[in-house]
Amino acid sequence: MDTIEIIRSNLLSPLVLAFILGVVATLIRSEVEIPESVIKAISVYLLFSIGLNGGVELAGTPISAFLLPALVTIALAIAVPTWCYLILRGLGRFDIPNAAGIAAHYGSVSSVTFVAGISFVERLPEGQNSFEAFIPALAALMEWGIIVALFIGRWRLGATQSQNSELGRVIRDTLTGRSVVLLLGGLLIGVIIGEQGFARIKPLYGDLFRGVLVFFLIEMGMLAGRQLRDFVKVGLFMAVFGTIMPLIHGMIGTSLGLLAGLSPNGAFILGVITASASYIDAPAAVRATFPQANPSIYLTSSLGITLPVNLIIGLPLYYEYARWLGAALGRMEYQ
Amino acid sequence: MDTIEIIRSNLLSPLVLAFILGVVATLIRSEVEIPESVIKAISVYLLFSIGLNGGVELAGTPISAFLLPALVTIALAIAVPTWCYLILRGLGRFDIPNAAGIAAHYGSVSSVTFVAGISFVERLPEGQNSFEAFIPALAALMEWGIIVALFIGRWRLGATQSQNSELGRVIRDTLTGRSVVLLLGGLLIGVIIGEQGFARIKPLYGDLFRGVLVFFLIEMGMLAGRQLRDFVKVGLFMAVFGTIMPLIHGMIGTSLGLLAGLSPNGAFILGVITASASYIDAPAAVRATFPQANPSIYLTSSLGITLPVNLIIGLPLYYEYARWLGAALGRMEYQ
Amino acid sequence: MDTIEIIRSNLLSPLVLAFILGVVATLIRSEVEIPESVIKAISVYLLFSIGLNGGVELAGTPISAFLLPALVTIALAIAVPTWCYLILRGLGRFDIPNAAGIAAHYGSVSSVTFVAGISFVERLPEGQNSFEAFIPALAALMEWGIIVALFIGRWRLGATQSQNSELGRVIRDTLTGRSVVLLLGGLLIGVIIGEQGFARIKPLYGDLFRGVLVFFLIEMGMLAGRQLRDFVKVGLFMAVFGTIMPLIHGMIGTSLGLLAGLSPNGAFILGVITASASYIDAPAAVRATFPQANPSIYLTSSLGITLPVNLIIGLPLYYEYARWLGAALGRMEYQ
Amino acid sequence: MKLTTVRLVTIIAEPVLKDRLIHEIHALGAHGYTISEVHGEGTRGIHASQWQGGNIKIETLVSPEVADHILEAMADHYFPNYAVIAYVTDVQVMRGEKFA
Amino acid sequence: MKLTTVRLVTIIAEPVLKDRLIHEIHALGAHGYTISEVHGEGTRGIHASQWQGGNIKIETLVSPEVADHILEAMADHYFPNYAVIAYVTDVQVMRGEKFA
Amino acid sequence: MKLTTVRLVTIIAEPVLKDRLIHEIHALGAHGYTISEVHGEGTRGIHASQWQGGNIKIETLVSPEVADHILEAMADHYFPNYAVIAYVTDVQVMRGEKFA
Ligand SMILES: Nc1ncnc2c1ncn2[C@@H]1O[C@H](COP(=O)(O)O)[C@@H](O)[C@H]1O
Ligand SMILES: Nc1ncnc2c1ncn2[C@@H]1O[C@H](COP(=O)(O)O)[C@@H](O)[C@H]1O
Ligand SMILES: Nc1ncnc2c1ncn2[C@@H]1O[C@H](COP(=O)(O)O)[C@@H](O)[C@H]1O
Ligand code: NA
Ligand code: NA
Ligand code: NA
């Protein structure tokens, strides 16, 4: 498949089509409603499934194979929010709270984009669809990007405000946040139960995964659609930022992943993680730490711009790039 | 199988038994509770699944095969509410708002009955269980029956009231209503992704369908059970109307479907669509347009009478009729 | 497998690990949240599935095989709350309402523990994992234990209070309670539809069962975790009672089951039912009948102590005991 | 526009009381009520339905006499043993007769 | 601390009216509202959305004049045909200008 | 029947403030609270948790002094940067000491 074909095939995948259905439903003000409680339960399911599946595969992976990718991920979790902050301050002319707030979003992970990236790989033909089993742990590590951004902001603001206690709580909340606990908990359980224990729960955590994700993406599309309406409010700079940054981050993440020894598929997923912008954990953390930052800006750009950009163009792009660079590095053949 | 056998086998199908379990649970005031949010999510799933499955099959169907059935459906969406209105005014002695309101219910589609009809066919032995893939589009067309009934009522009342703007909104709401968007959206996605794309999400949208429907019908039974208690309130005329009309409509829909060239199975489902009385979209639309109409009447008759009549006697009856007429028309052999 | 091995393998089963994940998530105050409405729907699903599966198997079981186990279950539903009451009054020095209230919990059934027991058996190798199909009916019978305990309390208190009407309603509520209706309703439907009717809904009610139970247990773990915090409040006596009583009840239930002619697996499940302490139906019934009893005590001990004890140590213990006693009685070979 | 003053009685209670409270306020003369799901904490701490998600809140518009009767019934039947609070306030309505 | 008295208008209505009521109270001068899901029973008994789970409750803090207009609009447009009630009461707020 | 007048403080806020507000009203002397999930719109428009479904409403019955302290704390800590409103009204309760 060439690049155009990959983009086309992603665009016409059930996942992206369901997302678009959700966007369209919102734009024509249709009343399709998937209740919030079901969506919450589904996102628990998706994260736990990914952890589980990773854990089951993990058996036998030497810890050494994990070290370099983990270090690279930590480096990204420090570097990405930092340079986002600098760009937002320098080019974007945002004040400290807004710059740090937006940086927290782009420095951490959007679960949906991550899950869609995994699903993108699993959809590939047998034999080309494997990736490193410890990937969920990398996603959990990348959540630290939130904390890095908040630290930068607090430091630049000066710690005069009485919100230091708040920051402590935010750090704890990030470390024990839903995605971290479910990804790591699932991973651990997967390791312990192994193939055999997994076999009996695979109908739920394996076979159904992709279908549930499609269902979930209808709602994500509706969410993004609602934010799209606020598009004009964010201004031209953020529109460009929200479109370009994920693409750059995706390439950087992929490149570093390959250099750290990940397979092209694994590096692709690391690229997706890097490119994605959180829209659940980051908003809550930023709201608690920098209430003066304007939520319209960071929500609209991460949900209304970056999420669709990643799902629609980003995934095939990073994937092609990973294959190309992988081939260039002699890691695989690029047809 | 002869007719009695078909009725018996429908009565003893998991679907109908689950429905009856729901009715009984309500009558003995048991506290079985399936929360509303889950039920809402399930109905999104059911409609989307039907659309998807239809779409996947649709590939290769010539558009011409769709034309005549579509015209017949539109004709039914105009004729059924009209003649219901006339009967309700003439024989039932209802005032204009009530007559138009009830007509809107019987002129449109009950998703549950429709879905149960589809499931009725799919349960048949391999080789006898296929039907036209574009059927979901017919169900979406039939939703127009609501608008027809509302127009009739508005016209007879005279447009003096200030609610003309309301009518505009009701039309838009009907056209972009949940069932329409999910059925057509699913259909389109199904066409695009085809067999191959569907394969990976089939565990959810194919294999689970029938089980989920059974679960859903427990709740539908409880709903119908609650309405049954108001049975006496609707009066004898509506009790007869709610029992007889679906049977007549079912036969008419089936007959016209066969004449329009549908297979007996397809004609059967068109019959089911025609016979069914809406209890979600219609009540909301009628409430908004004719608030003076009495909701007890239309809700109790569509939910408490017509829904069970269709599920329990209607389905096997229309099916037998379709087979018999199909054979008479030389479309299939009737054993 | 020897006993240690059985305990180890239960401890490392997905079910128990998911439960522990839930406990840990609560203890580290993580915000994993599975909304209540989804949990309610899942518990309907689990009970209905168990009923269904039992019903499908039931065909052909002679009614006589059911009689003795049913009598034994009724005897247990009378004896267990009675002796609990006596112990709580005599040794525990509780007043009448508290003693009767706690007895109601230990005299009836915890659905989760019951479901986990069934799943424990089904996980065994083919050929060793069958059990009597009428088991769900025994669980429904055991719910009577609630009523027995309430009667004892009412009788000892004297019927002076005006709450006699309340008691009538509590009895009705217990008999038409969710678990009873779903277990028996499912059983009946299963009998009627048989293997063939079940085949098409098996993907939901068979294949997914264990995976869904794992999901459910994450939430149960969080629930138990929250109660654990109140551990100190219940005092030493209740801590010992909540730990020891299930173990004794489990052995008694298992023994009597074997004597009544149940297979070792069936006797094991009867043991689990006897050992388990209700935490849904009993609290509601006790609250309505003996409002003066202290809910902290009965909730913490049944949810925070007895539930984990049963899941973690109880299941493998009763199972080993059933196998050993079964062998001793010549019912099977104990390896 | 003619406004009448009626009493709004608000009851917050554990859910096990739901049916009984509804029955009781009807028996005491209320012609309607509105109920919602809430959570809460008071002096009693944990209660039986805690894990099932909280309390119910019942609001009913009634005449002053009925309000008094409801409060008295609450105090007599529920305050001692149940997690429940109740309070009243005056509100203005049109169609005063609907709530009298 | 300066407290201002404003009017709290509470409307309980069947859900089919949701969008219309929100639109109407905005048009009549309310600057905000809070909405929640409730259940209830009144004199009208069953209504169209009963099976969909109840009513909505809209609360809005407004000036006395706006409160009067909202009540009048309720009486004119909704009381005759819909299951709906409305009541008002005085409350104290800071930032009185936010609700004026 | 002896009724005491106490103050009902109602706070409507974005959900991110939940734990903090509960902690704060306890610290200022409230002995209990009731919380519910609501939606709403005000002058601030969109807020961070909009997509997660709305606001929370906290109601607490307190003495007049505590009510004042709560309002002041709201004004000082939350009004400037958060989507939050607060209002108070008088209500009558039995067992006045429970809320003092
Ligand atoms: N001071 C208060 N303000 C508001 N709600 C309260 C207050 N005290 C108690 N409640 C509510 O009433 C319920 C029962 O209170 P209690 O009986 O004190 O445990 C609590 O769960 C709260 O929902
Ligand atoms: N007296 C009342 N007190 C509280 N809520 C009421 C009262 N009467 C009616 N309601 C509410 O208003 C809705 C419509 O009332 P109605 O128009 O009387 O059927 C009911 O469903 C209740 O939620
Ligand atoms: N005038 C009002 N009446 C009722 N609720 C309001 C009003 N203004 C604001 N609110 C509520 O308070 C929240 C925050 O308001 P704001 O800070 O103005 O955006 C809104 O989302 C509403 O739930
Ligand atoms: Na990122
Ligand atoms: Na119809
Ligand atoms: Na027991």
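Source: prediction; values computed, not measured. Throughout, protein chains are lettered first and strands after them, A, B, ... in sequence-line order, and every chain is numbered starting at 1.
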Quick one: do A:Phe209 and B:Leu204 satisfy side chain to side chain contact (heavy atoms under 4.5 Å, CB included)? Show the steps, please. CA-CA 8 Å; A:Phe209 183 80; B:Leu204 180 60; over 6 Å; no

Toward chain B, the part of A:Ser37 with a non-hydrogen atom under 4.5 Å: side chain

With rounding to the nearest 0.5 Å, note down the distance linking CD1 in B:Ile192 to CG in A:Leu11. 8.5 Å

A:Leu213, part contacting chain B, at a heavy-atom distance under 4.5 Å: neither

Considering all heavy atoms of both residues, which atom of B:Arg178 and which atom of A:Glu31 are nearest to each other, and what is their separation? N-CG, 4.0 Å

Main-chain N/O of B:Thr176 paired with A:Ser30 side-chain donor or acceptor, under 3.5 Å: yes

Spell out, as yes or no, whether a donor-acceptor pair under 3.5 Å connects the side chain of B:Arg172 to the backbone of A:Ile28. no

Can you name the closest pair of heavy atoms from B:Gly185 and A:Leu21 and give their distance? CA-CD1, 3.8 Å

Could you give the distance from CD (B:Gln196) to CZ (A:Arg123), rounded to the nearest 0.5 Å? 9.5 Å

Using the rule side chain to side chain contact (heavy atoms under 4.5 Å, CB included), only one of A:Leu12, A:Leu15, A:Val214, A:Leu17 pairs with B:Ile193; which is it? A:Leu17

Of the backbone (N, CA, C, O) and the side chain (C-beta and beyond), which part of A:Val212 lies under 4.5 Å from a heavy atom of chain B, both, or neither? both

Let me know if A:Glu122 has heavy atoms under 4.5 Å from chain B in its side chain, its backbone, both or neither. both

Cut-off 4.5 Å, heavy atoms of chain A, and the answer for B:Phe198 is neither

Could you check whether atom CZ of B:Phe151 has more than 12 heavy atoms from other residues, nucleotides or ligands sitting under 6.0 Å from it? no

Tell me the closest heavy-atom pair linking B:Tyr205 and A:Phe215, and the distance in Å. OH-N, 3.2 Å

Should A:Glu33 and B:Lys40 be marked as a salt bridge (Lys or Arg N to Asp or Glu O under 4.0 Å) after you check the CA-CA gap, both sets of side-chain angles, and the distance that decides it? CA-CA 8 Å; A:Glu33 187 205 345; B:Lys40 276 189 181 168; 3.3 Å; yes

Per-residue contact mode, B:Leu208 against chain A (heavy atom under 4.5 angstrom): side chain

Do you know the tightest heavy-atom contact between B:Gly197 and A:Pro14? O-CG, 4.0 Å

Would you compute the distance between atom OH of B:Tyr45 and atom CD1 of A:Ile218 and round it to the nearest 0.5 angstrom? 12.0 Å

